[in-house]
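Just so you know, ligand 1 is whichever comes first in the structure, and atom 1 is the first atom listed for that ligand. Bear in mind that the values here come from a model prediction, so they are computed numbers and not experimental data. Position 1 is the first residue of the sequence, and the numbers go up from there.
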Amino acid sequence: MNDTTIHLALVDDWELSGSGAGDPHDLQFRPMRQLSEIYNKYGIRASFNAEVMQQLTFRDFQTQHPQLKNLADEWDASIQETFRQGHDIQLHTHPQWSSSEYRDGKWVLKGDWSIINYSLDEARQMLVRGKEYLENLLRPLNSNYRCISYRAGSWCVAPSSFMLSLLADLGIVFDISIIGKLKYDTRRIKLDYSNCEEDFAPFYPMMTDARRVSNKVERIVCIPTNHFYGSRRLTLKHHVSKIAARLSRSGTTTNGGTSGGYGSDWADASSVRRIYEKGVVPYIKGKHLISDLAQLDYSLMREMLASIRRRARATGLSNIPVVLGIHTKDIRVFDDIERFVSDISTAPDIKCVTLTEIARDLQNGTFAIKTRS
Ligand SMILES: [Zn+2]
C-alpha cells in the first residue's frame, strides 16, 4: 500500500454568463463571499480564476456608463478582499468580450468564444492586459503576487500553433484548460478532447497541441481539470432534479443567460428544450462528468472523490496535484459544497492548496511531470 497525498485545488471560474447576461451582485459578488466564508470556516485556501475580459470591458465603457464604474470598482474590491483572506486569484479569459456593445443596460458580445480562433497578436493583447490588470490590483497587497496559471474560457486551448508558447512567454507556469474526454460541437464552441494522451496527472504538452504529451521537458506544464464517471444511478437522479429545477426557474426568470450552467450559454439557450438538448445532454455525456462542484450534488462529489483517490493511488506517486472546477455563477445550493469542503478539510490524504502553491511545487520537484517516455 502506498500513501499518495492529493494536493487538491478548488478553482472557481468567477464571471458573468458567457453571453454577458446577469447581475454581478447575484452571480459574482455575493456567491464569492459565501463560498469564501465556507472555505474560511474549514480553514482551507482555494483559488478564483478572475475572468478579466469582462472587467476590462466594464472599464472601457465606464466613462459613458457610470453604473459600470461602480460595478467594476466592486469587482476590484471583491477580488482584493478574497485575496486578503488568503485565497488565490488567477487568470481566466472569455474572448467574446473583445468586441462588445452595451445597449439598454445589456451586453451584446460579438467576439468569437474561443481564444485559439484569434491571431497571435490579438490573443497576446488580451492575455497581457488581463495579467497586468490582476497584477496591478494585487501587488499592492503582496508584492510577490503574479499570474502563474491559466484556464481558457470554454476550455479552448488546443490545438493551437501559439497558445502554449504565448502563455509560457507571459510567465504562466501551468495551464488547466484540458478536460479529458470533453467534446463540444456547438455553434459557438468546437472542441475535441476525446483522445487526450493524459487526462489526470501533470504533463509537458506538445507545444502546438496540449492534447498530446511531449517527449521532452517544455516551457509550460498542463494539469488537466479533473473529470470522472458518475454511477448511472446517481447521474440519472441528479439529471432529473436539475431538469426539474430548470423547468421551475424558467417560469420565473426572463434572463436565459443566468438560468443554466455554462453549457446553456453556449447554445443560445432561449428555451427549456434547448437548455435540455444543448446544455445538459453534452454536459452529462453518458456518465462523463466535469469535476465542477457547482454542477454536482453531494453524492456525486463523493463519487468524484473516490475516483480521484483511485486514480491518484494508481500513479504510485507520493504527491499529485488535482484541479477541480466551480462556477460561482451556477451555484444553487451551498450546503452540498459545504459538506464536501468539511470532508476534505479533515481527510488525512488530502491537502487543499492554491494554484500558486501548485506552481511552486511543480518548480521545486514535489510533483512528477510526465513526458512521453
Ligand atoms: Zn469561464
Quick one: do Glu357 and Lys351 make a salt bridge, cutoff under 4.0 Å? no

Under 2.8 Å from the Zn ion (ligand 1), protein N/O/S atom count? 4

Linking directly or through intermediates, with side-chain heavy atoms under 4.5 Å: list the remaining ILVMFWY members grouped with Tyr204, chain and number order. Val11, Ile148, Val173, Phe174, Ile176, Val217, Val221, Ile223, Val323, Val353, Leu355, Ile358, Leu362, Phe367, Ile369

Which pairs pass salt bridge (Lys or Arg N to Asp or Glu O under 4.0 Å) with one or both residues in residues 164-179, sequence neighbours excluded? Asp169-Arg219

Side chains of Gln90 and Arg151: does their closest heavy-atom pair fall under 4.5 Å? no

Taking only residues at least two apart or on different chains, which pairs with a member in residues 333-363 satisfy ring pair (Phe, Tyr, Trp, His ring centres under 6.0 Å)? none

Any salt bridge between Arg339 and Asp336, counting N to O under 4.0 Å? no

